[in-house]
> 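Handing you a structure now.
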Amino acid sequence: MSSSTAAPTQPVVNVVSLNSQHPDHLIGLPCDSPLLSWKLASLQNGLHQICAELEAASDPSFNQILATTSLQGDAQLEVKAPGGDLDSREVRWYRVRVETASGWSGYSESLRYEAGLVSGEELLGEAIGDDSVHSDPATLLRKEFTVSKNLAMARLFITGHGVYESTINGSEVAGEFLNPGWTPYDQRLTLATFDVSNLMREGVNAIGVTLGDGWYRGKLGFENEFDHFGTKTSLLMQLELTYADGNVERVVSDGSFKVSQGELRFGDIYDGSSIDYNFAQPGWDSPGFDESNWSGATIRKLDKSKIQPRIAGPIVKIHEFPMTLTEQSDRVLLDSGQNISGWVRLVVDGKKGQKITVRHSEVLEAGNNLHTAALRTAKAVDTYVLHRDGRHTLEPRFTFHGFQFADVVTEAAIVSGVGIAISSDTVRRATFSSSDVRLNRLHENVVWSQRDNFVGVPTDCPQRDERLGWTGDAQAFASTANTLVDAQSFWRSWLIDLDLEQDENGDVAAVVPNILKDPPSSDWIMMGRAGWADAATIVPYSIYESYGSQQILRQQLQSMRRWTWALDGRRGENKFLPTQFQFGDWCDPDAPGDQPWLSKVSADFVANCFFAHTAELTSKVESLVGSEDGAEVFAQMAKRLKSDIWEQMGEEALSTSAGCSITLEFAICPESERAHVAKVLSEMVRKDRGKITTGFLGTPLILHALSKNGHPEEAYLMLMRREILSWLYQVDSGATTIWERWDAIRADGSINSGEMATENASGESPSMISFNHYAYGAVVDWMYRNVAGLAPTDIDPGYRTTIVAPKPAEGISFASAEVETPFGRLAISWRINKTGDLAVNLEVPFGATAKLELPVTNSSQIHLNGKKLSNGESISYGVYTILVSNPRIVEYT
Ligand code: BGC
């Protein structure tokens, strides 16, 4: 290292960003030394980072440097920040500069990192609430306090049981919803920290908090149950006022808070909210309010040792869709044009006492009627009662709906309706476009299903009485989610809970948080189910591949080990898992519609293959974290199991499309048999003219299984199919999100009733039909890798090496994609030009490499920026124009 070299005035390499592993806008972060990642850029080709220098300081100008680290080599991801762990509330600034053969870069912009509390025990107050029970009006809590002169800053630490919204002097603390989100509250409760300095004024101030049922004690699950985590809601908060002289004053939740109720008469995630403005107490959250008829707060129990700083972005509004309004004889029908998670913001002109009722649905039945049967017991109805004449803007609270349509019944005049879309805050990282508008719409539909189902936890669907963190759906969709957005913190938080919810055997729950401890039907087992529980290995490994994160592997290692050993411990004498209830290749379109677990491929085969896959992933992870012994143990376990499966269940592998896909993607068969299995699969697909014949487990794998094994034709045949049982059939049917069942809307336009053969506790057979389930959207990962041609690898993850392998196909004249990788923008755009050549524009970020696997024929020549090149070569960062003459075009029809 030549650190004495003065930085040139115009550095050739620039550090364009520096981040920790946590979302940039969160404060009150964990006190552990953060992991830093940075992106570099240079207009000069051929350089690489040979050294990096990181600094930690206690001030933004880096006058007080706390620690410096020098790092040889080209590591740019998750480098431990200098200076060690932080103290509670400590603020540090970090910056980095790097050295290349052309000298030092300048320093990055500095990264501000504000730690929260090391432990929940530092919250000095008590949890407080009232005597309300489930479905009572929301609780209002208020307290006045005085702020003296020279306040330097104010921080609000806040959490609770239930969901909360807070204001200071009547102003919203944050544009966030349904805090503290959903975790297994009895094991982990997340603490939010807000900078509320600007809301403070000298003199008397007031804090107001509204507390609702939320996931804590609201309705949850398909058994019409509530009070899952407890019967009493509560608030725990601490406001810290730090003065210029260093003096700190604290306002903590305690019995001196006053409680009452207001206009929010009811608020439930599934059922909706009821607001009656006649009960409003104007000014209740401002200073000077007459609280004489409010009661004292009741002290509640809350285990502070379970509190941890939040690490995932909050639930926020992400988009607004102006809705069309159509008068019907008895109501007004609203259409947002997009299936979303959220609610309707309604503006009405009305009179005191008038009532407004808003109902929601994803699709319409004949006669423009809302199809609400799919919601099952979720009412999804918002009501309002006006307390004065005039114009009102109405939004529900403590609820969200999965909907595109709404209808409003009221005597008031409706001025406008806007569909408000909410989602957990994740940054979009990728775009895709092609000459085929239907593929583009399919991509958008998947983007929306991701947004709509990343609400606090990764859910199956956002509309009915479910919205649960189904692990199977999550693993099926993980690679696609990771391609589309930066979901690292979202997953990291949920995976902590997946681990916490593993039982004493190590079995992983079917839903996380696990509220389905009792199965919906007596012979169902919810723990340790194949393809669901394997989210424990598949999701972290996908995060590793997509973002290059090793941290997630370390975080989840014990969870993976425990799950793999749990599987191992369950084997019988025949070395296989016992025959038990499994979800199987759930929703296989050939399974009886009312028994979606009865897929064609045998549940035993699926279960043992997922076991082998999990053992293999755990082995890889052991090796990546440096535990070679562990790696060997699990590798042997996987190897032996695979050969037993192949020997004893090989027939099964070859008899169904899901069986073949699983066999190929999990490498169950010996290398020598791959071509045969792939041929069998491709023949099945060809015979079915690309019809989808797989469910939740087979579908994410099948196109990969085909295209990686020499059959891109059949992969395209499936992707481009338009008749029913295809992705594009949904698009042609007007879908704006991905459906749960391939035939959710039948060819004759009728809506599948989704009847089920199971019964809930009340003896009812619930239907199961959703228009917003992301599992089948997993095809988008294939589209990025194969249509556009950008594929990350697990050998050199995080797109550090990207396989650039576009597969032009008949009827598709261009495609493009961009991914904001941890190294920067990776972009491809290809076109078949007039002479029939393939022209590719490629942008590779600094620190990354592209390995070219271009679609060539025997007579193709490749030119890169005008110079001849052979296929299979790797190129480093830069902007390139590539020309492939006589390219291979996939002819699939
Ligand atoms: C959910 C699915 C889930 C399945 C498993 C359904 O009710 O919506 O997406 O994976 O149950 O049984």
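These numbers come from the heavy atoms of this one structure, side chains and all, not from hydrogens, waters or symmetry mates. Counting convention: from 1, in listed order, for ligands and their atoms alike. Residue numbers count from 1 along this sequence.
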> Are the side chain of Ser361 and the backbone N or O of Leu370 linked by a donor-acceptor pair below 3.5 Å?
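Between the backbone of Leu370 and the side chain of Ser361 there is no qualifying donor-acceptor contact (under 3.5 Å).
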> Going by the atom numbers of ligand 1, which of them fall below 4.0 Å from some non-hydrogen atom of Glu740?
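This gives 8 (O) as the contact atoms.
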> Short list, please: which atoms of ligand 1 are under 4.0 Å from a heavy atom of Arg464?
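Those of ligand 1 that fall under 4.0 Å from Arg464 are 1 (C), 6 (C), 7 (O), 8 (O).
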> Does Trp532 come within less than 4.0 angstrom of ligand 1, counting non-hydrogen atoms of the residue?
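Trp532: in contact with ligand 1 (<4.0 Å).
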> Applying the ring pair (Phe, Tyr, Trp, His ring centres under 6.0 Å) test to Tyr776, which of Trp727, Phe696, Phe477 qualifies?
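Per the ring pair (Phe, Tyr, Trp, His ring centres under 6.0 Å) rule, the option paired with Tyr776 is Phe696, out of Trp727, Phe696, Phe477.
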> Contact between ligand 1 and Phe696 is defined here as a heavy atom of the residue under 4.0 Å from a ligand atom; is it met?
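Yes, that is the case, since the closest heavy atom of the residue is under 4.0 Å from the ligand.
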> Considering the options Arg741, Gln463, Glu466, which one meets the side chain to side chain donor-acceptor pair (under 3.5 Å) requirement together with Ser770?
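With Ser770 as partner, side chain to side chain donor-acceptor pair (under 3.5 Å) holds for just one option, Gln463.
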> So if I count the atoms of ligand 1 from 1 in the order they appear, which ones are less than 4.0 Å from some heavy atom of Asp473?
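Taking each heavy atom of Asp473 in turn, ligand 1 has 2 (C), 3 (C), 9 (O), 10 (O) under 4.0 Å.
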> Less than 6.0 angstrom separating the ring centers of Trp448 and Phe321, yes or no?
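Close enough - the centres of the two rings lie under 6.0 Å apart.
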> Do Phe177 and Trp343 have ring centres separated by under 6.0 Å?
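Yes, the ring centres sit under 6.0 Å apart.
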> Using ring centroids (six-membered ring only for Trp), state whether His134 and Phe266 fall under 6.0 Å.
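No: the rings miss the under 6.0 Å criterion.
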> Determine whether the side chain, the backbone, both or neither of Phe222 has a heavy atom under 4.0 Å from any heavy atom of ligand 1.
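No part of Phe222 comes within reach of ligand 1.
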> Could you tell me which atoms of ligand 1, counted from 1 in the order shown, lie closer than 4.0 angstrom to a heavy atom of Glu466?
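Taking each heavy atom of Glu466 in turn, ligand 1 has 1 (C), 6 (C), 7 (O), 8 (O), 11 (O) under 4.0 Å.
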> Between Trp524 and Phe581, is the gap from one ring center to the other below 6.0 Å?
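Centroid distance Trp524-Phe581: below 6.0 Å, so yes.
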> Which protein non-hydrogen atom lies closest to atom 3 (C) of ligand 1, naming both residue and atom, and how far is it?
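Sorting protein heavy atoms by distance from atom 3 (C) of ligand 1 puts Trp470 CD2, 3.4 Å first.
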> Using a strict 4.0 Å cut-off to heavy atoms of His773, name the atoms of ligand 1 that fall inside it.
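Those atoms are 1 (C), 2 (C), 8 (O), 9 (O).
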